[in-house]
**Q** 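Shown below is the structure under consideration.
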Amino acid sequence: MSMTRWGILGCGSIAGAFAEGLQALPDARLVAVGSRSQEKAETFGARFAAPNRHGSYAALVADPEVDVIYVATPHPMHAEDTLLCLNAGKPVLCEKPFTVNAAQAEKVIAIAREKSLFLMEGMWSRFFPLMGELRARLQAGAIGEPRMLQADFGFRAGINPEGRLFSPALAGGGLMDVGCYCVSLASMLFGTPTQIAGVAHLGETGVDEQAAMSLGYEGGKLAVLSSAIRTNTPHEASLFGTEGRIKIHSPWWKPETMTISRDGKEPETVVLPFTGGGFNYEAGEVAACLQAGKTESAIMPLDETLTIMRTLDTLRQQWGLRYPME
């Protein structure tokens, strides 16, 4: 495969993690970074040996040496920054959550399709080797028909009203930061929910500090999910089927191990370690799609991203959680 030349828009911690992932791919190269300040671009670019260091996002998207851009800015900027890239003719991998709401997602997806440009949500958990094995095992009927999912993702963070986790202006809260992983996992397994119900505790800054969610699907399938930014949880996922169950061991969202328990048989433990920090797998999927001339990934298609955003919208509406930019 030919070399894929990456640009990264934003120079925060998630951008650094993605840049480290690119270093694990022999056919990927970080050629450019873009920041709102030249100083940050220089520092980040020097750290990861990116030769082109731009002091504005506009300069990054205009860089002719860039094949595809990873958008790594805070949640509220995802739609605007992705549109900036698309309108400059650049394919985009946008960090999760894809946008703040479904209305933004619809607009961004429409532009990508109008311009026939590749676009994908950076839901990295989808692309780990173990997740690929999970999908294959389920397709082969490993536990019969999957019927119920239980998954959690919660941690305890110190309250910082101005920080990204707790600020409404930054679309803070557990749902958008970590709950979206759980909702996306349920979507991957069961599709689009027909019933959505959730209860959340909105803390002193007005965002969801912890939440419990129940999603219903055609045929009676259920997902029981929880997320939190003020409560530590096990970070496990269990899928129950008509002929057995699968436990994805902690942390399920960055998985290496699962145990398959079939009715009447000895449990089987599957271990598939990952390399490169993990972001390399979604980057590899993007490169493969670009090489094949695809504008979407079959593993994380845009229509599914949109239905996930609609589910998140419905939950927040039930909780009375609306962000200032909406």
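The residues of the chain are indexed from 1 along the displayed sequence.
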**Q** Give a yes-or-no answer on whether the side chains of Asn101 and Asp313 include a donor-acceptor pair shorter than 3.5 Å.
**A**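 Note: Asn101 and Asp313 side chains miss the donor-acceptor criterion.
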**Q** Where the side chain of Asp208 meets the backbone of Gly174, is there a donor-acceptor pair that is under 3.5 Å apart?
**A**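 Yes; judged by distance alone, with no hydrogens or angles, the pair exists.
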**Q** Would you be so kind as to tabulate the donor-acceptor pairs closer than 3.5 Å made by side chains of residues 178-187, with sequence neighbours excluded?
**A**
unit_1 : atom_1 : unit_2 : atom_2 : d
Tyr181 : OH     : Trp124 : NE1    : 3.4
Ser184 : OG     : Arg126 : NH2    : 3.1
Ser187 : OG     : Glu304 : OE2    : 2.6

**Q** Does the distance from a Lys or Arg side-chain N to an Asp or Glu carboxylate O, for Asp63 and Lys90, drop under 4.0 Å?
**A**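 So Asp63 does not pair with Lys90 through a salt bridge.
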**Q** Would you list the pairs meeting side-chain hydrogen bond (donor to acceptor under 3.5 Å, both in side chains) in which at least one residue belongs to residues 292-302, sequence neighbours left out?
**A**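 Residue pairs with at least one partner in residues 292-302: Arg113-Glu296, Glu285-Ser297.
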**Q** Scan residues 79-105 for pairs that pass ring-ring contact (aromatic ring centres under 6.0 Å, His included), counting only residues two or more places apart or in two chains.
**A**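 For residues 79-105, and leaving out neighbouring residues, there are no ring-ring contact (aromatic ring centres under 6.0 Å, His included) pairs at all.
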**Q** Can you list everything that forms a salt bridge (Lys or Arg N to Asp or Glu O under 4.0 Å) with Arg310? Sequence neighbours excluded, please.
**A**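 With sequence neighbours excluded, Arg310 shows a salt bridge (Lys or Arg N to Asp or Glu O under 4.0 Å) to Glu106, given in chain and number order.
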**Q** Under the ring pair (Phe, Tyr, Trp, His ring centres under 6.0 Å) rule, collect the residues that match up with Trp6, sequence neighbours excluded.
**A**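 Applying ring pair (Phe, Tyr, Trp, His ring centres under 6.0 Å) to Trp6 gives Phe18.
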**Q** Go through the structure and list residues passing salt bridge (Lys or Arg N to Asp or Glu O under 4.0 Å) with Arg29, not counting sequence neighbours.
**A**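 Expected list: none.
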**Q** Determine whether a donor-acceptor pair (N or O, by modelled atom type, separation under 3.5 Å) exists between the side chain of Asn52 and the backbone of Ala32.
**A**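 Not a single qualifying donor-acceptor pair exists.
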**Q** Quick one: does any side-chain atom of Asn280 pair with a main-chain N or O of Leu25 as donor and acceptor, under 3.5 Å?
**A**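 Absent.
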**Q** Keeping the roles fixed (side chain from Gln318, backbone from Ala200), state whether a donor-acceptor pair exists under 3.5 Å.
**A**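 Looks like no, no N/O pair under 3.5 Å.
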**Q** Between Thr73 and His78, is any side-chain donor less than 3.5 angstrom from a side-chain acceptor?
**A**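 No, because no side-chain N or O of Thr73 sits under 3.5 Å from a partner of the opposite role on His78.
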**Q** Quick one: side-chain hydrogen bond (donor to acceptor under 3.5 Å, both in side chains) pairs with a partner in residues 221-230, sequence neighbours left out?
**A**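 For residues 221-230, and leaving out neighbouring residues, there are no side-chain hydrogen bond (donor to acceptor under 3.5 Å, both in side chains) pairs at all.
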**Q** Tell me whether Leu315 shares a hydrophobic cluster with Val224, the cluster being built from Ile, Leu, Val, Met, Phe, Trp, Tyr side chains joined at under 4.5 Å.
**A**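 Different clusters.
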**Q** Considering only residues two or more places apart or on different chains, which pairs with a residue in residues 194-225 satisfy ring-ring contact (aromatic ring centres under 6.0 Å, His included)?
**A**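 Sorted pair list: Phe190-Tyr217.
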**Q** Does a donor on one side chain and an acceptor on the other come within less than 3.5 Å for Thr194 and Glu218?
**A**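 On atom types as modelled, these side chains do not qualify, holding no pair under 3.5 Å.
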**Q** What residues, two or more places apart in sequence or in another chain, satisfy ring pair (Phe, Tyr, Trp, His ring centres under 6.0 Å) together with Phe127?
**A**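 If we apply the ring pair (Phe, Tyr, Trp, His ring centres under 6.0 Å) test to Phe127, skipping adjacent residues, there are no hits.
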**Q** Do Phe274 and Phe279 belong together in a cluster built from hydrophobic side chains that touch within less than 4.5 Å?
**A**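 Yes, Phe274 and Phe279 fall within the same hydrophobic cluster.
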**Q** Per the side-chain hydrogen bond (donor to acceptor under 3.5 Å, both in side chains) rule, what does the pair list look like for residues 150-161, sequence neighbours excluded?
**A**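 For residues 150-161: Asp152-Thr233.
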**Q** Checking Gln291 side chain against Ala288 main chain: does a donor-acceptor pair fall under 3.5 Å?
**A**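 No; judged by distance alone, with no hydrogens or angles, the pair does not exist.
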**Q** Has the side chain of Lys96 got a donor or acceptor atom that lies under 3.5 Å from a matching backbone atom of Asp177?
**A**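 Yes; at least one donor-acceptor contact below 3.5 Å.
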**Q** For Met258 versus Ile246, what's the shortest heavy-atom pair and its separation?
**A**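 Taking every non-hydrogen atom into account, SD-CG2, 3.9 Å.
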**Q** Show me the pairs that pass side-chain hydrogen bond (donor to acceptor under 3.5 Å, both in side chains) and involve residues 128-149, at least two apart or across chains.
**A**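 Matches after skipping sequence neighbours: Glu133-Arg137, Arg137-Glu268.
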**Q** Considering residues at least two apart in sequence or located in another chain, which fulfil the ring pair (Phe, Tyr, Trp, His ring centres under 6.0 Å) criterion with Phe240?
**A**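 Here no residue qualifies.
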**Q** With a 3.5 Å cut-off and no angle check, do the side chains of Trp253 and His235 form a donor-acceptor pair?
**A**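 Short answer, yes.
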**Q** Parallel, tilted or perpendicular: which describes the rings of Tyr281 and Phe128, with under 30° parallel and over 60° perpendicular?
**A**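 The rings of Tyr281 and Phe128 sit tilted, inter-plane angle from 30° to 60°.
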